[in-house]
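Atoms within each ligand, like the ligands themselves, are counted from 1 in listed order. All heavy atoms count here, side chains included; hydrogens, waters and symmetry mates do not.
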Amino acid sequence: MENVLKNFNIIKQEIADKKNVKLVAVTKTFPISHILPVINEGHTDFGENKVQEAMEKWTSIKQDFPKINLHLLGKLQTNKVKFVLPLFDYIHSLDNNKLASKIAEEQTKKNFKPKIFIQVNIGAEPQKGGIEVSNLENFYKKCVDEYKLNIIGLMCIPPFNKDSKTFFIKIRELSENLDLKDISMGMSDDYMEAIKQGSTFIRIGSKIFGARS
Ligand SMILES: *Cc1c(COP(=O)(O)O)cnc(C)c1O
């Protein structure tokens, strides 16, 4: 736990000259006591995977630290969308129509527009979330034109145990085709490669907070 701040500052140093890269500190499974040193250091961007856990952990902290941006990284069920706005400022895991439609409804109701990444199933893995590459352009257009969502970029989680680089390159090409500026890719093991390939949001958990049990 004393290492958290040290780990955090090492990464901050590594990316100090990458002015357009945002570090999302991924805090899932860790209690606020573990995260507070990083909050007190002035860091503003934190990522969680589960809505319920995030509500319990972050609702009051966000009131104390209004500059904090919370990022939802995990699979989002439509029946949880009502809890997600306005707690989360970013959603990285939009990957289906029903969810897009529900977020659209909720953002109008709450008058709060989250920034959204479309998750792409870049390795075409059946067990993984994300829009298929072949559906991406249509889905993107629908999100913007019909649902009026604030889509800022694409997100991916490359297949486990494979070299991420080729998947990162593919995501960057898809982003360029859609003229999207932001890319959410890169985790503890591959964030430097992700930055090389154009990532603007790296999501780092274990390299800051330690292994999750
Ligand atoms: C847990 C998680 C991360 C962080 O993973 P680490 O390997 O611990 O850095 C990043 N992105 C998503 C979507 C995650 O679920």
List every atom of ligand 1 that sits less than 4.0 Å from any heavy atom of [X], numbering the atoms from 1 in the order shown and giving each element.
X	answer
Arg203	4 (C), 9 (O), 10 (C), 11 (N), 12 (C), 13 (C)
Leu73	13 (C)
Asn49	14 (C), 15 (O)
Ile204	9 (O)
Gly205	4 (C), 6 (P), 8 (O), 9 (O)

| task | Please work out which of the three classes, parallel, tilted or perpendicular, describes the rings of His92 and Tyr90, given edges at 30° and 60°. | result | tilted
| How are the rings of Trp58 and Phe46 set to each other: parallel, tilted or perpendicular (split at 30° and 60°)? | tilted
| said: Let me confirm one number: the CG-CG distance from Leu36 to Leu5, rounded to the nearest 0.5 Å. | reply: 11.5 Å
| query | In Å and rounded to the nearest 0.5 Å, what is the NZ to CD distance from Lys50 to Glu53? | reply | 7.0 Å
| remark: If you scan protein heavy atoms around atom 2 (C) of ligand 1, the nearest is Lys28 NZ, 2.6 Å
| query | Of all the non-hydrogen atoms in the protein, which one sits nearest to atom 6 (P) of ligand 1, and at what distance? | reply | Ser188 OG, 3.5 Å
| Knowing that exactly one of Val84, Asn79, Thr78, Leu76 qualifies, which makes a side-chain contact (heavy atoms from CB on, under 4.5 Å) with Lys102? | Thr78
| remark: Lys141 meets the salt bridge (charged side-chain N to carboxylate O under 4.0 Å, His left out) criterion, sequence neighbours left out, with Glu137
| field | Short N or O distance, Met187 and ligand 1, threshold 3.5 Å exclusive | value | no
Report the part of [X] in contact with ligand 1, treating N, CA, C, O as backbone and CB onward as side chain, heavy atoms under 4.0 Å; options are side chain, backbone, both, neither.
X	answer
Lys207	neither
Ile157	side chain
His92	neither

| request: Quick one: closest heavy-atom pair of Ala104 and Tyr147, and the distance? | output: CB-O, 3.6 Å
| Backbone N/O of Val24 and side chain of Asp45: donor-acceptor pair under 3.5 Å | no
